[in-house]
Amino acid sequence: MMNNILLIDMDVQNWTYIIVGLTFALYIGIAIWSRADSTREFYIAGGGVSPIANGMATAADWMSAASFIGMAGIISFAGYDGAVYLMGWTGGYVLLALLLAPYLRKFGKYTVPDFIGDRYYSNTARTVAVICTLLVSFTYVAGQMRGVGIVFSRFLEVDINTGVIIGMIIVLFYAVLGGMKGITYTQVAQYCVLIFAFMVPAIFISIQMTGNPIPQIGFGSQLADGSGTYLLDKLDGLSTELGFHEYTSGSKSVQDVFFITLALMVGTAGLPHVIVRFFTVKRVRDARKSAGIALLLIAILYTTAPAVAVFARTNMIETVSNTPYSEVPPWFKKWETTGLIKFNDKNEDNIIQYVADPNKNELIVDRDIMVLANPEIAKLPNWVIALVAAGGLAAALSTAAGLLLVISSSVSHDLIKKVYNPKISERGELIAARISAVGAVCVAGYFGINPPDFVAAVVALAFGLAAASFFPAIVLGIFYKRMNKEGAITGMVVGILLMMYYIVKYKFGWLDETLPGEEEWWFGISPEGFGSIAMMVNFLVAILVMRFSPKPPSEVQDIVEYIRIPKGAKKPVEH
Amino acid sequence: MSDKEQAVRKRYWKANLRIVAILLMIWFLVSFCCGILFVEELNTIKIAGFKLGFWFAQQGSIYVFVILIFVYVKLMNKLDKTYGYDE
């Protein structure tokens with residue numbers, strides 16, 4: 001019906017080719033325009049990125065396929081509990097802006113292991129930091145490449161592996177050619193694409209359901225049908241009627257919600273691919289400001305996602321619950337063929353029963369559908385559906401590129417240049433950086449095509465590891481002058497090992513014959529939330545060991561003095 | 001570095017820490033207190049269609065986070081200027 005509004009009535013497929021093709025041409029054009037000619041440009045975009053551009057790039061870097069496609073879906077099934085992601089993945093920026101970014105910018109080097117290695121005057125510390133960086137970034141990037149493949153396969157009707165390979169070629173092109181410089185400016189474009197693609201359907205649906213064009217207000221408003229019922233009250237009613245928990249209250253324990261949120265916040269602040277973005281601006285004050293801009297831009301999507309979750313959940317229940325199978329709308333059948341919607345008519349009455357009780361429930365809906373199929377469910381025009389595909393690709397590609405750069409600079413700068421071959425020439429290092437980027441893309445692509453079956457589980461590990469290793473080491477390095485290498489290294493190693501042990505035992509279940517149940521969790525904390533505990537243990541161990549070991553040398557204490565004063569941030573230099 | 005300069009740096013650092021501490025207290029209050037620990041109590045209050053605790057957990061805390069960083073930027077720029085550390 002709404003298609004009639006459009007001048008050209010094209011199908012979704014053609015629209016997708018056009019919009020995705022245009023955005024890809026844009027990314028490649030930017031990559032050619034912003035080639036990197038030096039290691040400084042390759043690692044940190046020359047260090048002269050404006051705070052606004054850096055904020056946009058950070059936001060695109062941060063918001064992955066999981067944020068764009070997955071998050072609203074997760075929230076729409078979890079209800080209140082979804083808040084752990086919303087607060088966890090935004091609150092971390094406050095920590096980043098207040099505790100890390102300005103000081104690391106003043107320090108003025110290229111990578112996170114650079115800081116750890118210099119501040120703790122030890123190549124052991126540097127190597128531990130490199131290992132953490134690689135672990136965190138590879139776990140994260142595997143999921144991104146898979147995301148690229150999935151989006152391609154659903155919207156362009158190629159198989160997932162072909163999708164992964166197309167994605168690899170695109171990322172390869174601009175990451176290898178442009179380094180951080182190319183990535184930064186493509187991410188600026190990708191932010192615009194992804195936020196537009198996320199907001200357009202959200203606004204449309206908000207108007208349809210509540211009459212209010214602002215989704216953030218819409219989902220707290222009354223329904224547009226004139227009944228005077230608030231949307232959230234209606235959803236709470238529908239949920240309890242079908243036997244689910246009330247949408248606006250949760251099912252997780254308070255302490256678990258608390259610790260998961262904390263772990264995600266601290267993990268966010270400790271992720272190397274996010275931290276490194278703040279090395280690219282000119283002055284300390286720019287680092288602070290661009291953290292604010294980044295969070296503002298991220299918040300636009302993160303405050304819309306819970307609204308989308310409510311719209312989609314209500315729409316879906318209303319459309320399918322107790323509907324005869326013969327009367328379901330076309331999108332239902334379409335997504336059924338992809339296996340993302342499954343209907344099993346258990347009582348053979350040809351009517352869809354969607355209820356909480358697993359014995360009676362007949363419908364299984366994949367969470368990703370909530371964003372991907374949302375425009376179709378709401379009967380939006382075809383170009384909007386195509387736009388969502390381009391947005392999902394922008395989100396996945398921008399994050400993958402940022403991660404690949406961190407991996408390649410860890411290898412070429414932190415390992416080759418700083419540990420194995422300090423005499424390597426500028427040109428040699430740039431070549432090494434490009435080769436490592438190619439290697440990293442290939443490894444990421446391999447994981448994208450052959451995803452380890454624990455991909456979802458390792459995301460918890462990535463945040464947990466970042467929380468358990470980098471965050472305490474960097475914060476102590478800045479705020480505690482007396483902290484020495486013995487303390488920091490022991491803290492990091494103990495934190496990581498503890499985190500890994502807990503994940504392996506309670507998430508993968510490799511240490512017991514069966515996966516231990518929730519009642520065996522320490523203090524009732526899930527593996528997702530355990531990063532908080534591992535972080536606290538890191539802090540305690542570091543301080544304890546420090547007390548029994550020598551003070552750091554005076555030149556290191558001078559570094560700490562230096563980074564605390566914002567004035568005079570030099571261009572990052574090779575020392 | 002002269003003793004005087006040393007003392008100035010110390011004062012600057014203390015003022016910096018105070019700003020950070022106050023802002024982090026607000027950060028903790030809106031997210032962990034309003035959004036998690038006291039969410040049940042706050043949910044008894046309703047503003048338009050939102051239960052207040054739910055709103056803090058899924059909306060309010062994020063708005064406050066953004067404001068906190070910009071307040072931090074403003075306060076630190078002012079502090080830098082007072083101490084002549086601005087550029």
Side-chain angles (χ1 to χ4, degrees), chain A residues 75 79-84 86-88 90-99 102 210 216-217 219-222 229-233 247-250 254 257-258 261-262 265 283-285 288-289 291-296 298-299 302-303 305-307 309 479 561 564-569, chain B residues 1 5-6 8-10 12-13 16-17 19-24 26-28 30-40 43 46-51 53-77 79-81 83-87:
Chain A
I75 300 167
Y80 162 80
D81 289 342
V84 298
L86 293 166
M87 289 193 284
T90 53
Y93 276 83
V94 178
L95 298 176
L96 193 65
L98 272 56
L99 301 176
T210 66
Q216 285 86 340
I217 299 173
F219 84 117
S221 307
Q222 293 171 351
T229 320
Y230 283 109
L231 176 57
L232 280 168
D233 290 339
Y247 186 84
T248 50
S249 27
V254 173
V257 170
F258 187 98
T261 308
L262 183 62
M265 285 184 181
R283 296 167 301 181
V284 171
R285 57 183 296 171
R288 296 179 191 136
K289 186 175 165 196
I293 292 169
L295 184 59
L296 174 69
I298 291 167
Y302 272 59
T303 52
F479 290 87
E561 284 283 332
R564 287 179 178 182
I565 303 299
K567 193 173 177 158
Chain B
M1 201 185 322
E5 206 192 323
Q6 192 85 18
V8 172
R9 284 186 167 213
K10 244 193 177 138
Y12 170 82
W13 185 243
N16 175 0
L17 290 182
I19 292 174
V20 170
I22 293 170
L23 295 178
L24 284 184
I26 302 172
W27 165 83
F28 187 83
V30 291
S31 50
F32 292 97
C33 295
C34 298
I36 299 173
L37 297 173
F38 301 109
V39 71
E40 296 289 330
N43 273 347
K46 225 174 144 184
I47 295 171
F50 289 117
K51 293 176 183 167
F54 175 82
W55 181 81
F56 262 109
Q58 298 210 341
Q59 295 279 304
S61 56
I62 303 176
Y63 299 137
V64 178
F65 294 155
V66 175
I67 295 167
L68 281 178
I69 300 186
F70 283 105
V71 169
Y72 170 73
V73 169
K74 206 152 188 144
L75 290 176
M76 288 307 289
N77 284 347
L79 187 72
D80 289 354
K81 209 165 188 170
Y83 281 80
Y85 292 146
D86 58 327
E87 27 182 11

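Reminder, nothing fancy here: chain letters follow the sequence lines and each chain counts from 1.
- Interface residue B:Lys46: only side-chain heavy atoms are found under 4.5 Å from chain A.
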Review point. What do the steps show when you test A:Leu99 against B:Leu24 for side-chain contact (heavy atoms from CB on, under 4.5 Å), and what is the final call?
Key: CA-CA 10 Å; A:Leu99 301 176; B:Leu24 284 184; 4.2 Å; yes
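- Note that CZ of B:Phe56 is 11.0 Å distant from CE of A:Met87, once rounded to the nearest 0.5 Å.
- Side-chain contact check for A:Pro306 versus B:Phe54: every heavy-atom pair is 4.5 Å or farther apart.
- No other option in A:Leu98, A:Leu86, A:Leu295, A:Val254 has as many heavy-atom pairs under 4.5 Å with chain B as A:Leu98.
- B:Arg9 places none of its side-chain heavy atoms less than 4.5 Å from the side chain of A:Arg564.
- Between B:Lys74 and A:Arg288, every side-chain heavy-atom pair lies at or beyond the 4.5 Å cut-off.
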Exercise for review: For B:Val73 and A:Arg285, run side-chain contact (heavy atoms from CB on, under 4.5 Å): C-alpha distance rounded to whole Å, both residues' side-chain angles, the deciding distance at 0.1 Å, then the answer.
Suggested key: CA-CA 7 Å; B:Val73 169; A:Arg285 57 183 296 171; over 6 Å; no
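- Between B:Ile36 and A:Tyr80 the shortest side-chain heavy-atom distance falls below 4.5 Å.
- Heavy-atom distances place no part of B:Val64 under 4.5 Å from chain A, backbone and side chain included.
- Of all the heavy atoms in A:Glu561 and B:Gln6, the pair that sits closest is OE2-NE2, 4.3 Å.
- In this structure, A:Gln216 and B:Gln59 have side chains that are in contact, with non-hydrogen atoms separated by less than 4.5 Å.
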Review point. Hey, mind stepping through A:Leu296 and B:Phe70 against side-chain contact (heavy atoms from CB on, under 4.5 Å) and telling me if it holds?
Key: CA-CA 10 Å; A:Leu296 174 69; B:Phe70 283 105; 4.3 Å; yes
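- Taking a 6.0 Å sphere around CD of B:Glu40, one finds it holds 12 or fewer heavy atoms contributed by other residues, nucleotides or ligands.
- Heavy-atom minimum distance, B:Tyr72 versus A:Pro102: OH-CG, 3.6 Å.
- Highest contact tally toward chain A, considering only B:Asp86, B:Leu68, B:Asn77, is held by B:Asn77 [criterion: heavy-atom pairs under 4.5 Å].
- Contact count versus chain A (heavy atoms, under 4.5 Å) is highest, among B:Leu23, B:Val30, B:Val39, for B:Val39.
- Here CZ of B:Phe65 is found 5.0 Å from OG1 of A:Thr90. Values are rounded to the nearest 0.5 Å.
- Most heavy-atom pairs under 4.5 Å with chain B: of the set A:Gly292, A:Pro566, A:Ala83, A:Gly82, this distinction falls to A:Pro566.
- Contact annotation: the side chain of A:Tyr302 never approaches that of B:Gln58 to less than 4.5 Å [non-hydrogen atoms, C-beta and beyond].
- For B:Phe38, no part lies near chain A; criterion is any non-hydrogen pair under 4.5 Å.
- Atoms CG and OG, on A:Leu262 and B:Ser31 in that order, are 9.0 Å from each other to the nearest 0.5 Å.
- Interatomic distance, CD1 of A:Ile298 versus CD1 of B:Ile62, reported as 10.5 Å (0.5 Å rounding).
- Nearest approach of A:Thr248 to B:Asn43, heavy atoms of both residues: O-ND2, 4.2 Å.
- Between the CG atom of B:Asp80 and the NZ atom of A:Lys567 there is a distance of 10.0 Å, given to the nearest 0.5 Å.
- With a 4.5 angstrom heavy-atom cutoff, A:Leu231 does not touch chain B via any of its atoms.
- With chain A as partner, the option from B:Trp27, B:Tyr12, B:Tyr63 having the largest number of non-hydrogen pairs under 4.5 angstrom is B:Trp27.
- Between A:Ala299 and B:Val66 the shortest heavy-atom distance is CB-CG2, 3.8 Å.
- Looking at heavy atoms from C-beta onward, A:Ile293 lies out of side-chain contact with B:Ile69 at the 4.5 angstrom threshold.
- Contact of B:Ile67 with chain A is not made at all, since no heavy-atom distance falls under 4.5 Å.
- With ring centers used as reference points, A:Tyr230 lies 6.0 Å or more from B:Phe50.
- Atoms CH2 and CG, from B:Trp55 and A:Leu232 in turn, are 13.5 Å apart once rounded to the nearest 0.5 Å.
- When ring centroids are compared, A:Phe479 and B:Trp13 come within the 6.0 Å threshold.
- Between B:Ala48 and A:Gly220 the shortest heavy-atom distance is CB-O, 3.7 Å.
- Residues A:Phe258 and B:Phe32 are in side-chain contact: their nearest non-hydrogen atoms beyond the backbone lie under 4.5 Å apart.
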